[in-house]
*Asks:* 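One structure is given below, represented as structure tokens, and several questions about it will come after.
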Amino acid sequence: MADIILKVSKGQKFSDLVPEKLHQRIVAARMNKKLFDLSDEVPEDGDAELIDVYSDDGLIILRHSTAHVLANAVVELYNALPNTSNENLDGFYYDFDMQPVSTEDFPKIEEKMNEIIKKDLKIEKYTMKRDDILNLFRNNPYKTDKILKNADDDATVYREGDYYEFCRGPHVPSTGFIKAFKLLSVASTTYNGEINGKRMIRIYGTAFPDKKMLDQFLRNREEAMKRDHRRIGQEMDLFIFDTERAPGMPFYTPNGAIIRNELIKYMSEINASNNWQEVWTAHVFRDIIWKQSGHYDKYKNDMFLFQLENGEHYGLKPMNCPGHIAIFQRNVYSYRDMPVKYCEPGTVYRYEKSGEMGGLTRPRGFTIDDGHGFLRQDQILDEVSSLLGMIHDVFNTIMGDVEFSFDLSIMDKNNPGNYLIEYKCKNCGNIFMLRAASSNLECPNCSSKDLEMDFSMWDTATENLRKALESKNLRYKEYPGEAAFYGPKIDVHVKDALNRFWQLSTIQLDFFMPINFDLYYINSDGKKERPVIIHRAIYGSYERFIAILLEHYNGKLPTWLSPIQTYVIPVSENYNEYALSINNLFIKHGIRSRIDLSSETISKKIKMIRSMRPSYIIVVGEREEHNKSISIRNRKDKTLEMPVNEFIEKINDEISSREINQMF
RNA sequence: GCCGUCGUAGCUCAGCCUGGUAGAGCGCGUGCUUGGUAAGCACGAGGUCGCGGGAUCGAAUCCCGUCGGCGGCUCCA
């Protein structure tokens with residue numbers, strides 16, 4: 001439905017503007033970017049937008065209102081003290097101070113919620129004085145705290161039956177607007193996320209405008225759980241975790257190593273064709289390099305650091321950039337040599353806290369398809385454009401025609417102290433870079449405090465990132481204040497088959513490392529000049545990317561990535577010889593083929609191998625031997641007989657062109 | 001790191017509440033079966049119940065500690 005925009009005049013009630021037939025669909029209104037309850041009066045003449053429950057904003061309002069019904073129910077059932085709720089892409093949650101509940105209690109809570117919904121309680125809004133609100137919530141310290149922090153004398157309180165909520169709104173007009181909801185899970189959390197805060201119970205749920213959408217969501221959710229990469233990894237025998245002896249470290253089994261190596265090989269080709277030179281760097285460094293890079297100060301608690309008998313201090317690399325910088329420093333470069341671009345499948349080790357690890361998505365050791373470019377400032381645009389092209393090619397090749405989203409994280413000029421920026425001393429003319437938050441704002445040369453900020457480096461870099469995105473016609477969102485202190489960045493998200501966005505690629509500009517390591521090149525005037533470093537990864541990490549691919553394809557990887565490309569099954573022992581000759585022929589032609597000579601029935605062999613997701617199952621018997629052919633069963637369980645040589649040619653094409661779809 | 005929850009055969013799990021030193025299915029091995037596209041039959045091997053301690057005549061089971069896993073929180077260069 002298109003947004004409904006109406007001319008409205010001051011004093012009208014929004015609810016009176018809703019067309020009769022949309023009565024159950026319009027949940028709120030918006031004017032001048034402000035949301036209103038339908039019970040509100042129009043504040044001034046102008047254009048108002050009616051918010052449909054099927055729109056993004058409407059959905060959030062619906063979920064928000066459902067969270068309140070949850071709170072209402074939980075307060076009645078358990079005498080809980082509600083704290084706060086939130087809504088997101090998947091649903092909502094509400095935090096309570098209460099005795100722990102489990103999912104077994106959900107039916108009871110849902111029943112109570114349904115009662116509240118059936119009553120179709122009006123959700124009424126009251127504007128109240130702060131002291132009155134405080135009085136109303138005097139028995140709830142969490143609400144009191146929030147009121148003290150947020151309320152002024154025209155703050156709002158909403159009533160739903162006997163239940164009151166201190167809230168900005170808006171809400172759906174009555175509880176009957178909630179047509180389809182479900183509680184999903186329960187977890188514990190801390191009050192306001194404070195690390196030592198009071199323990200709270202968080203109940204997760206979701207709501208949709210109709211039952212059909214809810215069911216679809218629940219089905220997707222179930223499918224996502226079935227597709228969990230840990231489960232698929234087990235079924236396909238791809239990797240293991242030796243949780244006792246090497247917690248958080250993935251081990252690739254032969255099948256998993258095939259996938260990883262194919263991805264590395266492809267990235268290596270992409271890198272080479274875009275002039276990124278492959279290097280190899282050490283995994284263990286003396287700690288001095290981490291002190292120089294700044295990682296030690298900031299991340300030493302998250303690093304694997306150790307000391308030898310002789311007293312020397314070492315650390316495993318948590319980042320690849322210092323290694324690449326070390327290689328860059330072997331030479332003096334002319335501006336003509338730039339850019340210098342090094343890349344590497346670089347394995348890094350980070351001591352993630354025990355509770356922060358999880359499968360392949362958050363291991364302690366992982367390999368980044370890392371790259372560091374050393375650029376002149378005028379080369380940023382070209383390089384970023386080239387990277388955006390690489391990103392496009394890579395994901396379209398591997399995942400198909402996927403949807404992307406781009407985040408541009410930029411500096412917040414209202415808080416320049418957070419960032420490393422250039423200053424000019426008005427006293428002595430010295431130009432230097434400084435992160436104001438971390439040191440005194442004074443000229444390192446003459447100690448003058450009369451300084452002028454110069455944003456030009458940031459402005460140029462940010463403008464180049466924008467230009468690169470725009471030149472490729474990519475839509476992006478800007479996030480002021482989200483830039484790293486050392487530079488702006490682009491993060492790339494890719495949508496998978498289950499409609500989930502994953503952050504994969506990142507392109508970060510860095511003004512800081514070049515200073516820490518005193519990097520320079522010689523410009524056309526023969527003077528030293530600082531390069532900008534570009535940090536980039538396309539897959540992100542191999543571990544995470546493999547996990548995403550497994551879930552995206554439900555393990556049914558394109559043939560070029562598939563650990564088992566053909567699985568040969570003879571109909572009976574009488575055809576073992578023919579089957580063996582076929583298998584050997586495949587292997588000779590570079591196809592990853594296996595054969596099943598066990599004395600099981602053909603049905604059982606197929607049943608057993610299915611969880612390993614071979615690309616093609618090849619069945620041979622009398623007919624095939626006679627015809628010099630094979631029977632091929634594809635991933636969709638279609639079968640086709642084909643001459644052996646024709647199949648070999650076709651599958652080799654499929655593999656070498658990294659085709660996503662099967663030959664039939 | 002914090003809260004919750006879990007750890008039994010290669011895998012998935014039952015037994016634990018209400019102590020009497022282990023069970024299933026799949027897989028694996030052997031034999032029979034020679035089967036044409038999602039489980040043929042029989043027999044067999046395999047586990048000191050994550051690890052350490054405590055109370056008990058006796059612990060997979062109860063208590064404490066510890067190491068891991070999972071769901072969240074916090075964090076993620």
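Small disclaimer: the values here were computed from a predicted structure and weren't measured. Just so we're on the same page: letters track the sequence lines, and every chain starts at 1.
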*Asks:* I need the A:Tyr204 OH to A:Leu184 CG distance, nearest 0.5 Å.
*Replies:*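 Here the rounded value is 10.5 Å.
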
*Asks:* I want to confirm an ordering. Mapping A:Gln234 and A:Tyr349 to their closest nucleotides on RNA chain B, which one lands closer to the 5' end?
*Replies:*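 Counting from the 5' end, the first nearest nucleotide belongs to A:Gln234.
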
*Asks:* Distance criterion of 3.5 Å, no angle test: do you see the side chain of A:Arg362 paired donor-to-acceptor with the base of B:C76?
*Replies:*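 Per atom types, the contact qualifies.
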
*Asks:* To the nearest angstrom, how far is A:Gln508 atom CD from B:C76 atom P?
*Replies:*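 Taking CD of A:Gln508 and P of B:C76, I get 13 Å after rounding.
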
*Asks:* Reading nucleotides 32-47 of chain B 5' to 3', which nucleotides get B (base under 4.0 Å from a protein heavy atom), which S (sugar-phosphate only), which -?
*Replies:* BBBBBBBBB-------

*Asks:* So, A:Tyr419 and A:Asp412: side-chain donor and acceptor under 3.5 Å apart, yes or no?
*Replies:*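 Their side chains do not contain a donor-acceptor pair, so the 3.5 Å distance test is not met.
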
*Asks:* Which ones in residues 481-488 of chain A lie close to RNA chain B, meaning a heavy atom under 4.0 Å from one of its atoms?
*Replies:*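 Under 4.0 Å from RNA chain B: A:Tyr486.
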
*Asks:* Does a side chain donor of either A:Glu624 or A:Ser631 reach within less than 3.5 Å of an acceptor in the other side chain?
*Replies:*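 Result is yes, a qualifying pair exists.
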
*Asks:* Less than 4.0 angstrom from a charged side-chain N to a carboxylate O is my criterion; do A:Arg500 and A:Glu551 meet it?
*Replies:*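 Salt bridge present between A:Arg500 and A:Glu551.
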
*Asks:* A:Phe217: which residues meet the ring pair (Phe, Tyr, Trp, His ring centres under 6.0 Å) condition with it, sequence neighbours left out?
*Replies:*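 Residues passing ring pair (Phe, Tyr, Trp, His ring centres under 6.0 Å) with A:Phe217: A:Phe208.
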
*Asks:* Return a table of donor-acceptor pairs under 3.5 angstrom between the side chains of residues 314-328 of chain A and protein atoms on other chains or two or more places apart.
*Replies:*
unit_1, atom_1, unit_2, atom_2, d
A:Tyr314, OH, A:Glu312, OE1, 3.4
A:Lys317, NZ, A:Thr281, OG1, 2.9
A:Lys317, NZ, A:Ala282, O, 3.3
A:Lys317, NZ, A:Asn320, OD1, 3.0
A:Asn320, ND2, A:Gly346, O, 3.4
A:Asn320, ND2, A:Asp370, OD2, 2.8
A:His324, ND1, A:His372, ND1, 2.8
A:His324, NE2, A:Glu344, OE1, 2.9

*Asks:* Enumerate the salt bridge (Lys or Arg N to Asp or Glu O under 4.0 Å) contacts for residues 93-103 of chain A, please, sequence neighbours excluded, ordered by first and then second residue.
*Replies:*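 Checked against salt bridge (Lys or Arg N to Asp or Glu O under 4.0 Å) - neighbours excluded - the pairs reaching residues 93-103 of chain A are A:Asp95-A:Arg202, A:Asp97-A:Lys198.
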
*Asks:* Using purine N1 to pyrimidine N3 plus N6-O4 or O6-N4 for Watson-Crick, or N1-O2 and O6-N3 for G-U wobble, each under 3.5 Å, what pairs with B:C16?
*Replies:*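 Looking at the geometry, B:C16 pairs with no nucleotide.
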
*Asks:* Atom pairs under 3.5 Å, N or O on each side, protein against nucleotides 66-72 of chain B: can you list them with distances?
*Replies:*
unit_1, atom_1, unit_2, atom_2, d
B:C67, O2', A:Glu244, OE1, 3.1
B:G68, O2', A:Thr243, OG1, 2.8
B:C70, OP1, A:Gly359, N, 3.2
B:G71, OP1, A:Arg230, NH2, 2.9
B:G72, O3', A:Tyr204, OH, 3.1

*Asks:* Counting only Watson-Crick or G-U wobble pairs whose two distances fall under 3.5 Å, which nucleotide matches B:G35?
*Replies:*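 WC or wobble partner does not exist here.
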
*Asks:* State the pairing partner of B:G44; accept Watson-Crick or G-U wobble contacts with both distances under 3.5 Å, and report none otherwise.
*Replies:*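 Partner of B:G44: B:C28.
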
*Asks:* Would you indicate what A:Lys298 reaches in the nucleic acid, counting non-hydrogen atoms under 4.0 angstrom: base, sugar-phosphate, or nothing?
*Replies:*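 A:Lys298: no heavy atom of the nucleic acid under 4.0 Å.
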
